[in-house]
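What follows is a set of notes on a single structure, which appears directly below.
Below, chain A is the first sequence line, B the second, and so on; all start at residue 1. Computed from a predicted structure; not experimentally measured.
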Amino acid sequence: MTRTTIRLRNSLSRKVEPFVPIDPENLRLYLCGPTVYDRAHLGNARPVVVFDVLNRLLRHVYGAHQVTYVRNFTDVDDKINATALARKNAGADSSLEALIRERTEETIRWYHEDMDALGADRPDHEPRATDYIDAMIRMIAGLIESGHAYAAQGHVMFRVRSFAEYGKLSGRSVDDMIAGARVEVAPYKEDPMDFVMWKPSDDELPGWDSPWGRGRPGWHIECSAMSYELFGDSFDIHGGGIDLQFPHHENEMAQSCCAHPQGDFARYWLHNEMLQVEGKKMSKSLGNFFTVRDLLDQGIPGEVIRFVFLQTHYAKPMDWTAEKARQAEVTLRKWHALTAGIEPAASAAPSVVDALADDLNTAGAIAALHALRDPAVLKASAHLLGLLQTDMAGWAQTADVDLTMWADKLADLRTAAMQTKDFAPVDALKQALVAAGVEVRMSKAGVELLPGAGFDPSQLPEL
RNA sequence: GGCGAGUUGGCGGAGUGGUGACGCAGCGGAUUGCAAAUCCGCGUACAGGAGUUCGAUUCUCCUACUCGCCUCCA
């Protein structure tokens, strides 16, 4: 049996390439996770869902135990520090370090809740930057030793000019970027493009002892250090939002490739495009900024959010609209009803697998799902996309309320009305039931009442 | 300024060098006391221009427009 060939768009080559794992028995997947300073906004969820599907596909093709999925938590960050400091100044009776830990713990808990609601499987490892400070220091020290970095005024900088490939991932040249003048010039920098790997901390900031004094790591080094500790000097796929391509991933690559020149760092880079809301960039200033939790609290099920995400290919900008959410809900309700109580088939439909293998064509996979006629196959295939999972079906389940009394009453009124030709009482009860969210079906065979989309038992009419 | 993505019917969107998916909405019909649900049927869309070709929505070039990233940011 030949194994499905997965094709992926590799940011490094800017082409869709066949995916060939380094070791088919040990696939390694790294996704840049969140900085845990606050609730995840909707855009944060996109790479999570994209990678969740990739993870499912890889496990489907290579075997569940052959894939290791890592997603980090960035818990060293000035916004976290600021929150902790604010709590300290507001009279909190703990150390700054404890307040920071408290803030990151609560944010991670929220993150888990919200991503779980989207049906995203937890990664195999979720390393926290603060647990890998030693590894970062080791890597930085090594880079200084090999001449790729230098210490100055308590900082350690990466010497961008020492890495000939710098700019390869994001398709830009160091000279062009300097010409663009969007770089910070600092006295401790040899070159304006050099970036910080380690920076000093004052007493108001968390810090760790290092050969360069008490300080904290720059942003990029954590992924380099953690991926090395967990995966070694080469791994298969590294992902994140397209906005991370530069500078974050470019810098990671520079650090890692210089620190471990014998390795490749990441073979394939997968970047998802940005999210928009009703055709516009999501931003606080436009007032269209919201979190995953906001949507969930509005009663939009996580599965619906997931479906909307998957309708757009990850490499295209995705537009979140209320109308899409509405349509997604209709479709999912239909499928849930179709597959309720049905055992999923042994394997997913080839049409769905093929669509996903083609650079994660999730929209094509959904199209293929629509074409499936066998509910068991539909269910199994939807599972590959993380849809129609039983633990997510709760929202679509029809409320478990016995409507027999109302059905009987309606049937009686109808029978009587057939004689008297006065249908007003029938219509009155029917409308009341519809208002309560009940779907009313009357036919020659009799009356059938089904709880519908907005069913609210408290709105049922009195008898 | 640098880099990149996109433009398919009312909306969302798949896909293809030659019989124009699918979903939602809409319309007509069957059915129904009326509806709902269901079933049947309908729509003649691929930004514009030039080129390659027997033939292009699908390939090439140009133009227009939209959007994103380049700064903490997924």
Side-chain angles (χ1 to χ4, degrees), chain A residues 9 11 14 31-35 37-38 40-51 71 74 77-79 82 167 169-173 175-184 219 239-250 271-276 279-284 289 307-308 310-319 321 323-332 334-335 337 351 355 358 361-372 414-415 417-424 426-427 430-431 433-434 438-445 447-450 452:
Chain A
R9 179 173 201 88
S11 300
R14 272 153 265 270
L31 175 65
C32 276
T35 302
Y37 65 97
D38 205 353
H41 67 247
L42 192 60
N44 285 306
R46 175 120 104 134
V48 173
V49 172
V50 169
F51 255 62
R71 182 180 64 209
T74 300
D77 173 80
D78 287 343
K79 286 188 285 287
L169 175 63
S170 52
R172 41 190 103 199
S173 76
D175 294 324
D176 286 352
M177 286 185 279
I178 291 174
R182 283 193 135 159
V183 287
E184 183 195 359
W219 175 33
I242 188 73
D243 55 336
L244 292 185
Q245 190 177 31
F246 186 86
H248 187 51
H249 288 162
E250 193 72 63
H271 289 109
N272 61 275
E273 253 291 350
M274 298 290 98
L275 176 125
Q276 295 167 244
K280 292 206 168 61
K281 178 185 176 173
M282 180 166 83
S283 72
K284 284 175 179 163
F289 183 96
F307 188 97
V308 172
L310 296 179
Q311 270 193 303
T312 303
H313 188 260
Y314 73 87
K316 289 186 183 180
M318 199 215 85
D319 192 16
T321 67
E323 173 61 15
K324 281 185 180 176
R326 189 196 65 77
Q327 285 196 18
E329 182 172 340
V330 170
T331 301
L332 286 171
K334 189 171 78 180
W335 285 350
S351 58
D358 180 15
N361 184 357
T362 49
I366 288 174
L369 245 32
H370 278 293
L372 297 177
R414 184 156 167 264
T415 307
M418 292 293 201
Q419 305 296 318
T420 64
K421 298 297 175 199
D422 176 14
F423 287 94
V426 187
D427 288 339
K430 187 178 78 179
Q431 275 170 26
L433 288 167
V434 169
V438 178
E439 197 176 283
V440 180
R441 299 182 184 179
M442 287 188 277
S443 67
K444 280 177 187 160
V447 171
E448 195 182 359
L449 298 183
L450 298 168

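The side chain of A:Thr331 has B:G23 as its nearest neighbour among B:A74, B:G33, B:G23. Each of B:G33, B:C24, B:A74 was ranked by its minimum atom distance to the side chain of A:Met418; first place goes to B:G33. Considering only side-chain atoms of A:Asp427, the nucleotide from B:U71, B:C34, B:A74 that sits closest is B:C34. When the nucleotides B:A74, B:A25, B:G33 are ranked by their closest atom to the side chain of A:Asn44, B:A74 comes out on top. With B:G33, B:C34, B:G13 as the choices, the nucleotide that has an atom nearest any side-chain atom of A:Lys430 turns out to be B:C34. In this structure, the nucleotide among B:A21, B:G33, B:C24 sitting nearest to the side chain of A:Glu323 is B:C24. Here B:G13 is the nucleotide among B:A74, B:G33, B:G13 with the atom lying nearest to any side-chain atom of A:Lys324. Which of B:A74, B:C70, B:G13 sits closest to the side chain of A:Phe246 comes down to B:C70. The side chain of A:Asn361 has B:A14 as its nearest neighbour among B:A14, B:A74, B:G33.
With sequence neighbours excluded, no residue forms a side-chain hydrogen bond (donor to acceptor under 3.5 Å, both in side chains) with A:Thr362. In this view, A:Gln327 and A:Glu323 satisfy the side-chain hydrogen bond (donor to acceptor under 3.5 Å, both in side chains) rule, not counting sequence neighbours. Residues satisfying the salt bridge (charged side-chain N to carboxylate O under 4.0 Å, His left out) criterion with A:Glu439, sequence neighbours excluded, are A:Arg441. Residues satisfying the salt bridge (charged side-chain N to carboxylate O under 4.0 Å, His left out) criterion with A:Asp78, sequence neighbours excluded, are A:Arg216. Applying the ring pair (Phe, Tyr, Trp, His ring centres under 6.0 Å) test to A:Phe423 and every residue at least two apart in sequence or in another chain returns nothing. Applying the side-chain hydrogen bond (donor to acceptor under 3.5 Å, both in side chains) test to A:Ser11 and every residue at least two apart in sequence or in another chain returns A:His271. Not counting sequence neighbours, the partners of A:Asp38 by the salt bridge (charged side-chain N to carboxylate O under 4.0 Å, His left out) test are A:Arg103. With sequence neighbours left out, A:His248 forms a ring pair (Phe, Tyr, Trp, His ring centres under 6.0 Å) with A:Trp219, A:His220.
Between A:Thr35 and A:Ala367, the residue anchored closer to the 5' end of RNA chain B is A:Ala367, taking for each the nucleotide with the nearest heavy atom.
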For nucleotides 64-68 of chain B, print each protein N/O atom paired with a nucleotide N/O atom at under 3.5 Å, atom names and distance only.
residue : atom : partner  : partner atom : Å
B:C67   : O2'  : A:Gln276 : OE1          : 3.4

Just the table, please: protein N/O against nucleotides 58-61 of chain B N/O, every pair under 3.5 Å.
none

Restricting to nitrogen or oxygen on both sides, can you table the protein-nucleotides 36-44 of chain B pairs closer than 3.5 Å?
residue : atom : partner  : partner atom : Å
B:A37   : O2'  : A:Arg441 : NH2          : 3.3

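Consecutive Watson-Crick or G-U pairing (both distances under 3.5 Å) extending over three or more pairs maps onto RNA chain B as B:1-7 with B:64-70, B:10-12 with B:22-24, B:26-30 with B:38-42, B:47-51 with B:59-63.
One interatomic measurement links the two molecules: CG of A:Leu372 to P of B:A21, which rounds to 19 Å at whole-angstrom precision. Regarding A:Leu369, its CG atom lies at a distance of 16 Å from the C1' atom of B:G12, rounded to whole Å. Rounded to an integer number of Å, the gap from A:Arg14 CZ to B:C3 C1' is 9 Å. Distance A:Lys316 NZ to B:A74 P: 24 Å, rounded to the nearest Å. A straight line from NE2 of A:His370 to C1' of B:G15 spans 15 Å, rounded to a whole angstrom. Atom NE2 in A:His248 sits about 14 Å away from atom P in B:U71, given to the nearest Å.
B:G48 and B:G68 have their P atoms separated by 24 Å, given to the nearest Å. Distance noted for atom P between B:U7 and B:C59: 11 Å (whole Å). Comparing the P positions of B:U31 and B:C46 gives an interatomic distance of 38 Å, to the nearest angstrom. Here, B:G15 and B:A37 have their P atoms 31 Å apart, quoted to the whole Å. Rounded to whole Å, the C1' atom of B:A14 lies 12 Å from the corresponding atom of B:G20. Look at the P atom in both B:G23 and B:G41: the space between them is 12 Å, to the nearest Å.
Between the side chain of A:Gln327 and the base of B:G23 there is at least one donor-acceptor pair of N/O atoms closer than 3.5 Å. No N or O donor and acceptor, one from the side chain of A:Asp319 and one from the base of B:G12, sit under 3.5 Å apart. For B:A74, the base has no donor-acceptor partner in the side chain of A:His271 [N/O atoms by modelled type, under 3.5 angstrom].
Residue contacts for A:Leu31: at a heavy-atom cut-off of 4.0 Å it reaches no nucleic acid atom on any strand shown.
Side-chain N or O atoms of A:Lys324 include one that pairs as donor or acceptor with a backbone N or O of A:Asp319 at under 3.5 Å. Using a distance-only test at 3.5 Å, with no hydrogens or angles considered, no donor-acceptor pair links the side chain of A:Glu273 to the main chain of A:Ile242.
A:Val447 and A:Arg414 make their closest contact through CG2-NH1, 4.4 Å (heavy atoms, listed as atom of the first residue, atom of the second, distance).
Note that the NE2 atom of A:His249 and the SG atom of A:Cys32 stand 3.0 Å from one another [nearest 0.5 Å].
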